[in-house]
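Scroll down for the structure; my scribbles are underneath it.
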There are 2 protein chains.
Amino acid sequence: MTTDNARLPTLEDVARLAGVSRATVSRVINGIRNVNPELHEVVWNAVNATGYVANRAARSLVTRRTGTIALVVSDSESHDDDPFMSRFFSDPFFGRVVGGLLSALRPAGVQLALQLVGADQARARLVGDLRQGQADGSVVLSLHPGDTLPHLLADAGLPGVVIGRPARPVPLSHVDVANDRGAALAADHLVARGRRRIGMITGPVDVPASVDRVDGFRAAMARHGRSYVPAATGNFTHESGERAMRELLADQPDLDGVFVANDLMAQGALSALHEAGRRVPADVAVVGFDDSSAALAARPQLTTVRQPLEDMAAEAARLLLARVDDPTLDTTSVVFEPMLVLRASS
Amino acid sequence: MTTDNARLPTLEDVARLAGVSRATVSRVINGIRNVNPELHEVVWNAVNATGYVANRAARSLVTRRTGTIALVVSDSESHDDDPFMSRFFSDPFFGRVVGGLLSALRPAGVQLALQLVGADQARARLVGDLRQGQADGSVVLSLHPGDTLPHLLADAGLPGVVIGRPARPVPLSHVDVANDRGAALAADHLVARGRRRIGMITGPVDVPASVDRVDGFRAAMARHGRSYVPAATGNFTHESGERAMRELLADQPDLDGVFVANDLMAQGALSALHEAGRRVPADVAVVGFDDSSAALAARPQLTTVRQPLEDMAAEAARLLLARVDDPTLDTTSVVFEPMLVLRASS
DNA sequence: TCGGGGGCGGAGAGCGCTCTCCGCCCCCGA
DNA sequence: TCGGGGGCGGAGAGCGCTCTCCGCCCCCGA
């Protein structure tokens, strides 16, 4: 507190102490051009002696860089204090993405800022703020298909990378997992386990990741000569998985295997199976998707398709950083391979 | 992309269009002093016409405010890519705190930046960065007792609020839940349910929240005339809860009630009880702590002590904002009341 | 009618950096 | 010995704001 009014050292102070100009200190600190090695040392000594740290605001005023990347969580059309938001934040999904982003951003000395946008006007304001130096670029996490934010960013020429394939094509890079191949792994596994009557619990029909999982699963089952796959639809929540499982059992009482499009629903499905007196995996084998903490918390623990979210987020950060450095870079998309994780439920 | 090189409008542009000086535009935008109402409108029209958004860097260079608050997750002594970190981020705890902070920060137009610190040198660097305008203040989430960061912040005179009571007193405000009273609620409830042989699974012995829960539980049990409470120690993870429950059962085979110091461990305890052939709640009643998503995912769903984390985080943000506005403010601590949430496990 | 006070708006400095431009010096080659 | 080129470091402008200081004008009261 008492030290608060003590003026912090500036470049000027360091320069005076080192006996050189401000420009030279700046060059040394930023590693620009060849500066006489002796001066180099003199300057660093002065920096350490004064405890100098460059002022971010002054630097970014001239460089037009903020050293900040925004993680924008975009929840189409919903209200700001929508319970969905708080549900989302308490979902491990969010934390894994944050952890992955930070792992790539920290070594680059870039800070991560969190942005939520609900209403469309908030989205427009965000774009304005971003253009005016709120952040150098954004990693976008859209919670709903048909979100307009990626398009707004692209139109404004702002660097952005989307996590998960957008519902409509957009001139922005994105990272994703091969949802179709992941679902195929689940299908191959259930068939290999000798299951004959295999069903599926899907996610929302308008979400690309969900659609890809359904398509991938059906295609793989068809390759095994199973053209008919009974299915029930959920919305990726625990409760919806429980309900969908009940529906599926009512329809297909002799079911002996089920692929559930995410772990949370699979956990719900386990409850419904337990309630219906089916043993897992003896009577019904269950395979989830994500390899989230829910898979480990489930009893029995879930066999599931691992989605390397941390790696995906880290890659998104790297793509974004590259684009910030060179805005002429072409957009790309990086698709990660899923992996089947065997546990007790199958 | 093509619009990228188009210079963005500055105060100067708005002033020219409105036919006033830069100072006047600045006054209107920031709502300072009485400006002639007619001019007021002229200026706002010019702002809208140009699409002007104030440049953050320029503004904060002179105001010495960044409009950013840092959420600092401080993991004492651990390495940066410690698995503990990624485990922490995927824990719903983190997301709930973030959601609560954002709910209080957004209305104030303040941005949230994420900072992780592991090694001590990172801690020193962070303090330097913060002093030099990385953020106006920090909300600190210490993952280990004895973390030095709160003290470093206090010594540097930087505004900071700690979530959870620090192990050693520190001249910084903090928010917490009354862990002792929460544990007492659990004790009262188990006794009221007619349980006679009640045990407890505790968290780490050096974490204040854990210690408070143990003390609160023992004190309440003593009030009910139960001076002896068998206990086993865990470390707040699912696995440790499972192991501790097995130990407790081995010690006290006739146990009919157990208080588990967090939901994750309680979920593990349920598995151990199931494995041991005990029915919950018929044979053993189980009460958790936190009311996290694990409580809902558990089967049976957990009776638990609700910790209002979102509210606590929002209050932390408000305390911090107040202190940033007025650094002479006294430090305070706000303690939230816990609440017992009744579900199927008791 | 004249003096004084209050309030509004403009001029201009200054926040702390980076970066361009230029001058000087040194060295090398003819 | 002299000319030219290269490289290092300094001077100074400028990034886009805010804020102090001051002048001017208007109105009111004596």
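Sequence lines set the chain letters: A, B, ... in the order given, protein chains first and strands last, and positions in each chain run from 1.
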Tell me: CG of A:L61 to C1' of C:dC15, nearest whole Å?
9 Å

Nearest whole Å is fine: how far is D:dC8 P from A:E38 CD?
13 Å

Of the nucleotides D:dG16, D:dC8, C:dC17, which has the atom closest to the A:N36 side chain?
D:dC8

Could you tell me the separation between the OG1 atom of A:T63 and the CG atom of A:D136, rounded to the nearest 0.5 Å?
8.0 Å

Could you tell me the separation between the CG atom of A:L61 and the CZ atom of B:R56, rounded to the nearest 0.5 Å?
14.0 Å

Going by atom types alone, do B:D147 and B:S74 pair a side-chain donor with an acceptor below 3.5 Å?
yes

Carboxylate-amine/guanidinium contact A:R65 A:D325, below 4.0 Å
yes

Applying a 3.5 Å limit to both distances, which nucleotide forms a Watson-Crick or G-U wobble pair with D:dC22?
C:dG9

Taking only side-chain nitrogens and oxygens of B:R64, does any of them come within less than 4.0 Å of OP1 or OP2 of C:dG16?
yes

Round to the nearest Å and state the distance from B:Y52 atom OH to D:dG16 atom P.
10 Å

Less than 4.0 angstrom between a side-chain N/O of B:S26 and OP1 or OP2 of D:dT18, yes or no?
yes

To the nearest 0.5 angstrom, please state how far the CG atom of B:L153 sits from the CZ atom of B:R123.
10.0 Å

C:dT18, D:dG16, D:dT18: which one has an atom nearest the side-chain heavy atoms of A:V62?
C:dT18

Closest to the 5' end of DNA chain C, once B:L39 and B:Q132 are matched to their nearest nucleotides, is B:L39

Using Watson-Crick or G-U wobble geometry with both distances below 3.5 Å, tell me the partner of D:dG14, or none.
C:dC17

Would one find a side-chain N or O of B:N55 under 4.0 angstrom from OP1 or OP2 of D:dC15?
no

Looking at D:dA11, C:dC17, D:dC17, which one has an atom nearest to any side-chain atom of B:A54?
D:dC17

Provide, to the nearest angstrom, the distance between the CZ atom belonging to A:R56 and the P atom belonging to C:dC17.
13 Å

Please tell me if B:S21 has a side-chain N or O lying less than 4.0 Å from either OP1 or OP2 of C:dG10.
yes

Distance check needed: C:dC17 P versus A:R59 CZ, whole Å only.
8 Å

Which listed nucleotide (C:dG10, D:dC15, D:dT18) is nearest to the side chain of B:T24?
C:dG10

Separation of atom CZ in A:R16 from atom P in D:dG9, rounded to whole Å:
20 Å

Spell out yes or no: do the side chain of B:R27 and the base of D:dT18 have one donor N/O and one acceptor N/O closer than 3.5 Å?
no

Counting only Watson-Crick or G-U wobble pairs whose two distances fall under 3.5 Å, which nucleotide matches C:dC27?
D:dG4

Would you tell me whether B:S333 and B:R165 have side-chain atoms, one donor and one acceptor, within less than 3.5 Å of each other?
no

What's the CZ-P distance between B:R22 and C:dC15, to the nearest Å?
15 Å

Out of C:dC19, D:dT18, C:dC17, which has the shortest distance to the side chain of A:T63?
C:dC19

Using atom CD of B:E12 as one end and atom P of D:dC15 as the other, report the distance to the nearest whole Å.
10 Å

